Amino acid sequence: MATDQRLRLPIGIQTFSEIREGGYYYVDKTPVIKRLVRQNKFYFLSRPRRFGKSLLLDTLRCLFEGRQSLFEGLYIHDRWDWQQTHPVIRLSFGSGVMRNREELDIHIHELLDAQAEAQGVSLRNTSIAGRFRELIQQTHHQNGRRAVVLIDEYDKPILDSILSHERARELREGLKNLYSVIKDADPHLHLVLITGVSKFSKVSLFSGLNNLNDITLDALFSTICGYTDDDIDTVFAPALPGLDRDAIRVWYNGYRWGGPNVTSVYNPFDVLLLLQKREFGPYWFESATPTFLVDILKQRGVFTPQLNQWETEYELLSQFDVDDISTDALLFQAGYLTIKDVQEPMLGYRQYILGFPNHEVETSLNHALLPSLGVENGPRERRTLFRHLKNHDLAGLEAHLKALYAGLPHDWYRNNPIAQYEGHYASVFYSHFAALGLTVTVEDATHHGRVDMTVDFGGHLYLFEFKVVEQLPEGKALAQIKAKGYADKYRSAGKPIHLIGVEFSRQQRQVVAFEVETIS
């Protein structure tokens, strides 16, 4: 719904009533919510941090409590039976850090006490499972209607300790003890929605709750969190003047949960801070990036040019547990990669192509990964790279890149897994350019093959081919670009094209050849 006046920006506000009564912008999610509550009973939804999961749950709470006035003017207002209310039990693990099972159990008891008081029931059991079961049953009997259970940040206690396997297992068992109650409480439940960042297996955490419907990748619910292009252009129209609309799309749009044809969404946190601060920045990345992500990627030696063309399967996207976290699941569930394409070569078998959702994530993640690639003084190196590219100084660019690679510490070669493989030499180059925020394309297809890396900046195109001299004769890199006619695809752009062959030596651990040829 469009508005013609500037409203307040709901930055960090997760309470539906405050947004609706406080004069804030609100993107109407009730069309998707109506579909949710009418289709099924037990749901699970995974979305990255700061994507509006808490607000979604609070909206559901207000809906089932029958707070009709809050929904005035929204899609669902005239499509809902406001006499059919249900008591809502809401548990959130979003606050605090539980360092062990004892602290987790205390926290859960406090949550159950607060909910029992809110529902006007008393709990006689002493165990966590017994008290949760009793809370659901007594709430049903007290109100005469089955309960709605909403669980927010269900996985946060485990994620806070994910690098400490023993502690994470201990916390997982504590949460499993709580969640295991839900299945047998079915007669007393009207709706259950569990949300979090990660998707732990049902076996490891939900103990037999095999009727839990995971809607994370369902196209029907792909926009249940986040803002669409239409939302930006209508709801936030009064706040857009003075900002580059195309740049907003490039920087922040692009998250997809489902196939390539589902509607992509923006991270709400980014959009709201952009509209307030009036300048582009990596707002979500700076607020949501866990240090363990970079540590794990460093330990596993991820080939960074592959990040924007990551091939995987559904099983790997879902493989997230204390002792077995696939890199695919980590990057996808945390929001650093999103679905670009889905292929089904045979019935029932799907292959997913992942890539960066937008400019913010590509630039920021490569920036964060540069130290793990051996580049210690990233800001200084980026300034130097920018200066040479801005001036189209190819000799200076050669000197800079040779110095950059020569400066990688010997410990990096000895301790970093990616240094063992020839193809990973390109990681330093790619991440260095991508961290600057340039338009970088990896393995761009032409009629004659794939260019290793293409950079489009300042009206010039730079085509890079990388080789290792221990495998091929010197001069082969540039010769391949010319022989295969890689530049032909780009001639119609009318920009100067620089063909650059870069050759590395594994033995010397440096760039040993940097050949350039410029064509119009």
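Since we're looking at a predicted model, the values are computed, not measured.
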Could you go through residues 375-387 and list every donor-acceptor pair under 3.5 Å that involves a side-chain atom there, pairing it with any protein atom two or more places apart or in another chain?
unit_1	atom_1	unit_2	atom_2	d
Asn377	OD1	Arg380	N	3.3
Arg382	NH2	His367	NE2	2.8
Thr384	OG1	Arg380	O	3.1

Dump the intermediate steps for side chain to side chain contact (heavy atoms under 4.5 Å, CB included) on Tyr252 and Tyr283, then the final yes or no. CA-CA 10 Å; Tyr252 301 122; Tyr283 302 118; 3.7 Å; yes
Verdict with reasoning, Asp58 to Arg90, per side chain to side chain contact (heavy atoms under 4.5 Å, CB included): CA-CA 9 Å; Asp58 199 59; Arg90 183 173 177 186; 3.0 Å; yes
Run the numbers on Ile296 and Leu163 for side chain to side chain contact (heavy atoms under 4.5 Å, CB included), then give the verdict. CA-CA 9 Å; Ile296 289 178; Leu163 291 182; 4.0 Å; yes
Decide yes or no on side chain to side chain donor-acceptor pair (under 3.5 Å) for Arg256 and Ser222, but give the supporting numbers first. CA-CA 7 Å; Arg256 288 183 177 86; Ser222 62; over 6 Å; no
Run the salt bridge (Lys or Arg N to Asp or Glu O under 4.0 Å) check on Lys402 and Glu398 step by step: do they pass? CA-CA 6 Å; Lys402 284 184 174 180; Glu398 175 184 355; 2.9 Å; yes
One pair to check against side chain to side chain contact (heavy atoms under 4.5 Å, CB included): Leu275 and Leu240. What are the steps and the verdict? CA-CA 7 Å; Leu275 296 179; Leu240 290 178; 4.2 Å; yes
Mind running ring pair (Phe, Tyr, Trp, His ring centres under 6.0 Å) on Tyr255 and Phe51 for me, showing each step along the way? CA-CA 11 Å; Tyr255 294 92; Phe51 247 91; 5.0 Å; yes
Evaluate salt bridge (Lys or Arg N to Asp or Glu O under 4.0 Å) for Asp155 paired with Arg172, printing each intermediate quantity in order. CA-CA 8 Å; Asp155 52 348; Arg172 181 189 62 190; over 6 Å; no
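Distance alone, capped at 3.5 Å, is enough to place a donor-acceptor pair between the Asp231 side chain and the Thr228 backbone. A distance-only check finds a donor-acceptor pair linking the side chain of Ser46 to the backbone of Val197 [under 3.5 Å]. Of the possible polar contacts, none joining the Asn358 side chain to the Val250 backbone as a donor-acceptor pair under 3.5 Å is found. Put simply, the side chain of Lys53 gets close to the backbone of Pro48: a donor and an acceptor are under 3.5 Å apart. When atom types are taken as modelled, the side chain of Gln333 and the backbone of Leu317 share a donor-acceptor pair closer than 3.5 angstrom. Remark: the backbone N or O of Asp246 is paired with a side-chain donor or acceptor of Asp244 at under 3.5 angstrom. At distances below 3.5 Å, not a single donor-acceptor pair connects side-chain atoms of Ser198 with backbone N or O atoms of Phe200. Judged purely by atom type and a 3.5 angstrom limit, Glu170 uses its side chain to pair as donor or acceptor with the backbone of Arg101. Between the side chain of Glu515 and the backbone N or O of Ile500 there is no donor-acceptor pair closer than 3.5 Å. Using modelled atom types, no side-chain atom of Lys482 and backbone atom of Leu499 make a donor-acceptor pair closer than 3.5 Å.
In this structure the side chain of Asp456 never reaches within 4.5 angstrom of the side chain of Tyr490, judged on heavy atoms. By the 4.5 Å heavy-atom criterion applied to side chains, Leu175 and Pro157 are counted as neighbours. A 4.5 Å side-chain heavy-atom check between Leu354 and Lys340 finds every atom pair outside the cut-off. Between Val455 and Leu461, the closest side-chain pair of non-hydrogen atoms is not below 4.5 Å. Within the 4.5 Å cutoff, side-chain heavy atoms of Leu369 are placed close to those of Thr304. The shortest side-chain heavy-atom distance between Leu331 and Leu293 falls under the 4.5 Å cut-off. Leu272 has its side chain within reach of Pro10: a pair of non-hydrogen atoms, C-beta onward, lies under 4.5 Å apart. Counting heavy atoms from C-beta on, the side chains of Phe221 and Trp257 never come closer than 4.5 Å.
When all heavy atoms are compared, the tightest approach of Gly258 to Ile339 is O-CG2, 3.1 Å. For Gly501 against Ala477, the heavy-atom pair with the smallest separation is CA-CB, 3.7 Å. Heavy-atom minimum distance, His432 versus Leu401: CD2-CD2, 4.1 Å. Contact detail for Leu438 and Leu389: the closest heavy-atom pair is CD1-CD1, 3.4 Å.
Between the CZ atom of Phe320 and the CD1 atom of Ile325 there is a distance of 4.5 Å, given to the nearest 0.5 Å. Phe269 contributes atom CZ, which lies 12.0 Å from atom CG of Leu274 (distance to the nearest 0.5 angstrom). Distance SG/Cys225 to CG/Leu55: 8.5 Å, rounded to 0.5 Å. Distance OG/Ser92 to CD1/Ile151: 10.5 Å, rounded to 0.5 Å. For the atom pair CG of Leu193 and CG of Leu56, the computed distance is 6.0 Å after rounding to the nearest 0.5 Å. In this structure, OG in Ser431 is found 5.0 Å from CG in Leu373, a value given to the nearest 0.5 Å.
Partners of His460 by side-chain contact (heavy atoms from CB on, under 4.5 Å), not counting sequence neighbours, listed by chain and number: His392, Tyr462, Pro496, His498.
For the 3.5 Å distance criterion, the side chains of Thr216 and Asp214 qualify, holding a donor opposite an acceptor. For the residue pair Asp152 / Ser54, a side-chain donor-acceptor distance below 3.5 Å is found, with atom types taken as modelled. Between the side chains of Tyr486 and Gln480, at least one donor N or O sits under 3.5 Å from an acceptor N or O.
Here the options are Phe356, Trp284, Trp310, the test is ring pair (Phe, Tyr, Trp, His ring centres under 6.0 Å), and the partner is Tyr336; only Trp284 passes.
Within the structure, side-chain hydrogen bond (donor to acceptor under 3.5 Å, both in side chains) contacts touching residues 263-272 (residues at least two apart or in different chains) are Asp229-Tyr266, Arg245-Tyr266, Asn253-Ser264.
The distance between the ring centers of Tyr430 and Phe464 does not fall below 6.0 angstrom. Aromatic ring centres of Phe44 and Tyr154: separated by under 6.0 Å.
Judged by a 6.0 Å distance limit and a 45° cone about the ring axis, Arg350 is not positioned over the six-membered ring of Tyr314.
Within 6.0 Å of CD in Glu344 there are more than 12 heavy atoms belonging to other residues, nucleotides or ligands. For CD of Glu311, the number of neighbouring non-hydrogen atoms (other residues, nucleotides, ligands) closer than 6.0 Å is 12 at most. Within 6.0 Å of CD on Glu102 lie no more than 12 heavy atoms contributed by other residues, nucleotides or ligands.
Between Phe280 and Trp251, the two ring planes are tilted [angle within 30° to 60°]. Ring geometry for Tyr179 versus Phe206: interplanar angle of 30 to 60°, hence tilted.
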